[in-house]
Amino acid sequence: MEKYIDMFKHQHPFNMLTTQQLEQLFTGASLKVFETNEFLFHEDEEEDDINIHFVLTGLAKNIMHKSNGKQISVRFYYPGDIVGIMIILTSGEMKFSVQAIEETKALRFQKEQFMAIMSENQAFSKIVMDGISNLMKSLYHEVKYKAKDGEDDFHDRKLFKQRVDNYVELPYFISPTATLTEAVYKMQQYKLGGLIVSTDDLELIGVLNYQDIFKAYVNHDFDSLVDDYVKEEPYTVTDRDFIYNAISFLKHNPASIIPVMNKTKVVGQLRQTSLLTIEDSIYFDLRYRIQKANSIEEVKQLAPKYNRSFQHFVAQLLEDQMFAYDVCELISSYNDEIHHHIIQLAEDDMIQEGYGTPPINYCFIVMGSEGRKEQAFSTDQDNGIIIADYSHLHNKDQIDSYFKQFTHKINTKLQYCGYPLCTGGIMAKEDKWRNSLQAWRISIDTWLEKLDAQEIRDFTIFMDFRPIVGDFSLAYELRDFVTKRMQRSLNLQQLLMKDTLRFRVPIQPFGRIIGTGPSRSLDFKKAAIMQIINALRIYAVKYGVEEVNSMKRLEKLEQNERFHPRDAENARLALHRLLKFRLEQNLHQLQNGKPLSNEIMLTQLSRGERKLLKEALHVAKRLQQVLEISYNRNRVV
């Protein structure tokens with residue numbers, strides 16, 4: 001037990017114990033491994049047979065058995081949690097079972113020793129009792145949640161909280177080898193404004209709209225095939241996009257249809273009649289103006305940092321109590337539109353300067369907060385480019401030169417529009433972040449083999465990459481490759497844990513927020529937001545979750561029973577509050593002409609705001625402590 005005693009000397013709240021108390025605690029303690037589905041203890045056990053467990057590794061769930069035979073899981077136990085203390089303190093009146101949902105290793109303490117130390121050490125006892133209090137609150141909220149009638153509140157949600165999959169219709173396909181006459185009959189039969197062109201009713205070739213039929217009518221060309229008039233590379237959305245992405249297009253292209261995609265497969269379609277109940281918004285007009293901008297100066301005036309209308313729109317969404325992580329996703333979607341147009345302008349420049357169009361397929365990717373769709377206003381560029389394999393081609397040097405100049409133009413134009421250059425050089429114009437697909441694979445393998453504490457920071461930014469322009473299949477292939485490699489790399493998981501522990505959540509055990517300087521300033525991003533995001537990323541790596549957005553990662557982890565619903569809800573609420581503070585701070589800085597930053601002065605917060613901040617910091621600290629236990633465990637177990 002000596003190695004565990006040494007670990008506990010530095011582990012909160014056991015670091016509050018004296019050396020003698022620690023030795024007393026470990027008297028009679030034992031190490032126990034519970035297999036999947038094995039009970040740490042069951043509610044049918046006598047109280048005298050129940051001991052106190054400290055979870056070292058794995059995951060367990062709390063189960064309450066209702067009188068009607070139904071079982072309810074109220075919470076999960078993660079590394080660093082103390083299990084069994086509540087049953088003992090309630091003298092067995094509150095009974096439940098605790099079951100391992102994966103192999104779980106725990107230290108089992110004698111309850112007499114544990115209770116004696118709680119009596120002797122008041123500071124230690126207060127921390128333990130605060131944990132029990134928080135669990136009781138969780139139980140209360142769970143009971144209240146279960147008491148709800150479960151009515152669907154979809155119709156009460158506002159426009160900007162709604163997703164495409166709530167409006168999607170069944171897709172109607174036609175083969176490219178069908179005649180235009182066949183297409184007209186099908187449109188008439190199903191009262192459609194267009195058809196999705198595909199050979200197998202899955203892969204997207206293009207779209208045939210009424211406008212295309214009109215062209216054939218004007219040309220007196222009725223015997224042609226669909227392939228002669230198909231519109232390739234149509235505007236598309238994914239089934240999990242917010243609906244405003246589709247509205248922005250359909251508002252100004254009312255006769256069109258939009259294919260709805262899940263990766264490379266068509267899963268539905270949208271048309272204007274799908275959206276009859278949706279309101280208007282300045283947001284759609286701004287996106288339309290971006291699409292029609294003829295110069296980089298026009299795009300700059302529409303960028304989030306410079307456009308007052310967009311800033312006012314974001315402020316209104318926050319006032320309307322929209323979740324801040326959804327607002328960040330909206331900002332990211334708007335940034336995507338800026339990126340799309342800037343890349344198109346860069347392509348136009350390359351053509352005008354005599355370099356021509358891109359000589360080979362590419363996919364422009366964004367990383368970091370933009371990759372996760374969690375952008376605020378205070379952000380710099382994190383991007384890269386995946387180029388189709390070209391090392392075997394005779395003009396490979398010309399291709400390399402083309403993309404070097406092309407990406408330099410993109411990064412420069414983004415900087416002009418208010419997206420600062422990345423101080424760490426994580427941009428497509430840099431050799432490290434501009435690679436062919438095969439070169440990316442080689443780089444990642446090398447990266448994972450030789451990853452050190454310095455490079456892990458770049459790798460965490462890269463891990464959250466997302467395609468926004470070009471051949472998305474290149475990004476999907478790379479994502480699949482990266483996910484499998486990362487899940488197998490224990491060294492990566494350890495380095496990710498170690499990196500996230502660099503910045504401690506600035507809150508003391510008894511709840512005081514720690515600020516810096518006379519004004520007690522706090523960096524939201526480093527102090528708390530990233531702690532939650534990093535924890536979810538580490539769990540995503542461990543369990544092979546491909547999603548990069550933090551809310552989607554959390555959703556997957558919850559679905560796979562790696563996060564309890566109550567813990568997931570706490571993480572969502574904490575991230576919402578922290579991101580809201582950050583967005584409001586950015587808006588205040590923009591309105592007053594101040595430099596954008598992630599810092600806020602605690603002295604300027606109201607009592608209510610400090611309370612909300614404190615609760616969010618506690619959740620972030622909790623996640624960080626779970627990771628720290630896992631990190632320490634892997635050093636000593």
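All figures in this text were calculated on a predicted structure; none of them were measured in a lab.
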Charged N to carboxylate O below 4.0 Å: is that the case for Glu430 and Arg434?
no
Within a radius of less than 6.0 Å around NZ of Lys396, do more than 12 heavy atoms belonging to other residues, nucleotides or ligands occur?
no
Under 4.0 Å between a side-chain nitrogen and a carboxylate oxygen: does that hold for Lys413 and Asp349?
yes
I'd like to know if Lys432 and Glu455 make a salt bridge, using a cut-off of under 4.0 Å between side-chain N and carboxylate O.
yes
When Phe481, Trp447, Phe462 are each screened for ring pair (Phe, Tyr, Trp, His ring centres under 6.0 Å) with Trp440, the one that passes is Phe462
Run the side-chain contact (heavy atoms from CB on, under 4.5 Å) test against His340 and tell me which residues pass, sequence neighbours left out.
Asp336, Glu337, Ile468, Val469
Residues forming a salt bridge (Lys or Arg N to Asp or Glu O under 4.0 Å) with Glu569, sequence neighbours excluded
Arg572
Report, as yes or no, whether the 6.0 Å neighbourhood of atom NZ on Lys265 holds more than 12 heavy atoms from other residues, nucleotides or ligands.
yes
To the nearest 0.5 angstrom, please state how far the CD1 atom of Ile399 sits from the CD1 atom of Ile360.
4.5 Å
Return yes if some donor-acceptor pair links the side-chain N/O of His341 with the main-chain N/O of Ala293 below 3.5 Å, else return no.
yes
Run the salt-bridge test on Arg289 and Glu298 with the 4.0 Å N-O cut-off and return the result as yes or no.
no
NZ of Lys409: more than 12 outside heavy atoms within 6.0 angstrom?
yes
For residues 415-425, which residue pairs qualify under side chain to side chain donor-acceptor pair (under 3.5 Å), counting only residues two or more places apart or in two chains?
Asn335-Tyr419
Taking the inter-plane angle between the rings of Phe313 and Phe310 on a 0 to 90° scale, is it parallel (under 30°), tilted (30 to 60°) or perpendicular (over 60°)?
tilted
Salt bridge present between Glu329 and Arg163 (N-O < 4.0 angstrom)
yes
Pair Phe249 + Tyr288: ring centers closer than 6.0 Å
no
Output yes when Asp499 and Arg457 qualify as a salt bridge under the 4.0 Å nitrogen-oxygen rule, no when they do not.
yes
